[in-house]
Amino acid sequence: MLRSTWDEVCARVRREEDPFFHDPWLNRLSFIASDEDRIILATPNRLYVEWIQENLEPRLHGHIHAIADRPYAIDYQLDDAAGSERNAFQPEAAAPASLSTGSRDTHLNVRQVFATFVVGSGNQFATAACQNVSDNPARNYNPLFLFGGVGLGKTHLLNAIGNRIRQRDPRARILYLSANDFTTELINCIRFKRMEEFREKFRRNCDVLLMDDIEFLAGKDRTQEEFFHTFEALHGSGRQIVVTADRYPKDIGGLEERLRSRFDWGLVADIQPPDTETKVAILRRKADDEGIALPNEVAFFVARHATGNVRELEGTLTRLLAMSSFHAAPLDVEFARRSLQGYLQVEERSTNIDTIQSGVARFFGVKVQDLKGPRRTRQMVVPRQIAMYLARQHTGLSLPEIGKRFGNRDHTTVLHAVRKVKATRTKDSGYRTRLEGVTRSLGLPVE
Ligand code: ADP
Ligand code: MG
């Protein structure tokens, strides 16, 4: 592809896509070279590459295909000169991309350790089990079976176990691999008649077997057979086995009964999605790692609107931090809302604060004006607090934002209102009835 073709691609993106999202990125991508099936672009750093791959690449491919009349792969090269422009970001410094030498043979990710794992109610039990296994391999819980949805930290915990065990005993022979890798390796060994080697590696030269995504074995009889004998050999000689899956063992169809029943021998621990507070803690930790001050309000805003998938949560933050760096804009809730529109469900959900204010005013027979005004009579205070409460529950707005919309009140006033409504609701049934009435009148779900 010619440089001029690339320029044409950029021109099209600029013309046809929202400039708020794409301009800053395109400006920092430069064409280096191309051969017949790929182009090489320079970017300032790894963070840019991630963002571009996720957000811009699909469109780039579309335009490239349209203009060049054929697809090209895109490769990135980090460009040091452009990197000096980088303001708050130092992702390379925070995150060594390659594994340190000692881990090469075990394939452990040295960044995934307990110290970087945020513990909350959803993963507390699983984390405790993993720590126990790390400190007492093959003693208390063998096997340990971890299960939970995608992006909830199973792989992280598995690596944390391996890293901790290796730290305590550098000679421990730890094998970390996915069930998929196990299958591939088995197939290769069968093909090249190296089964002795395979068994040596997994049954004899292994003290700790960490196998990820075991659900992959479903329906693969030959691999299950081999895994079963591996399991027997390791377990029988007091070696630790930890496996992860996206489901409870009994719910993995196509798994042999004898294997399934062995997963029950030790401990089965589940991981649940993080609650809002845990999500906030994860966001803050990641921002800290990048050396960026993430305002609490923004962390809460992102946490409230993101799914429980921690990988997605991190992706969202990466996007937000990068956007703010590009636009040199302050990282506040308004900016977050704008940057993440269409990416998260940040549109105020079923309603907005104006609807709530006018609906509540109508229900209680007061004026919206007075709801926002200074009067503190009981007749005004009850509807005002309920309106603040409903705004908090049903819009994505933060406490300060809500305060602002109620005559510039302080966020502590809103917080007080939310607490007051919750407390009164449980004590006073007449109050609860009115609260439910106004909630329904707004077409909102009653808790
Ligand atoms: P899974 O294997 O369950 O799909 P991963 O372990 O790959 O999920 O986690 C996805 C990403 O989220 C990883 O980058 C991981 O480090 C991170 N992560 C998940 N849970 C946590 C947590 N509680 N604290 C910090 N990081 C987490
Ligand atoms: Mg995983």
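Counting convention: from 1, in listed order, for ligands and their atoms alike.
- No side-chain donor from either of Arg139 and Asn132 sits under 3.5 Å from a side-chain acceptor of the other.
- Counting non-hydrogen atoms of neighbouring residues, nucleotides and ligands closer than 6.0 angstrom, the CZ atom of Arg204 exceeds 12 such neighbours.
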Chi angles and distances behind the salt bridge (Lys or Arg N to Asp or Glu O under 4.0 Å) call for Asp288, Arg284: CA-CA 6 Å; Asp288 276 355; Arg284 298 200 64 97; 5.7 Å; no

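- Side-chain contact check for Asp275 and Thr278: at least one donor-acceptor pair (N or O, by modelled atom type) lies under 3.5 Å.
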Ring pair (Phe, Tyr, Trp, His ring centres under 6.0 Å) between Phe263 and Tyr248, intermediate numbers included: CA-CA 10 Å; Phe263 292 143; Tyr248 189 71; over 10 Å; no

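- Enumerated by chain and number, the residues approaching ligand 1 to less than 4.0 Å through a heavy atom are Gln112, Thr116, Phe117, Val118, Asn123, Gly149, Val150, Gly151, Leu152, Gly153, Lys154, Thr155, His156, Ile282, Val310, Arg311, Glu314.
- Nearest heavy-atom pair across Ile32 and Gln77 is CD1-OE1, 3.3 Å.
- Judged purely by distance below 3.5 Å, without hydrogens or angles, the side chains of Thr244 and Asp212 pair a donor atom with an acceptor atom.
- Enclosure of atom CZ in Arg70 by more than 12 non-hydrogen atoms of other residues, nucleotides or ligands within 6.0 angstrom is indicated.
- Listing protein N, O or S atoms at distances below 2.8 Å from the Mg ion (ligand 2), with waters left out, gives Thr155 OG1.
- Contact check for Leu152 versus Pro274: side-chain heavy atoms found under the 4.5 Å cut-off.
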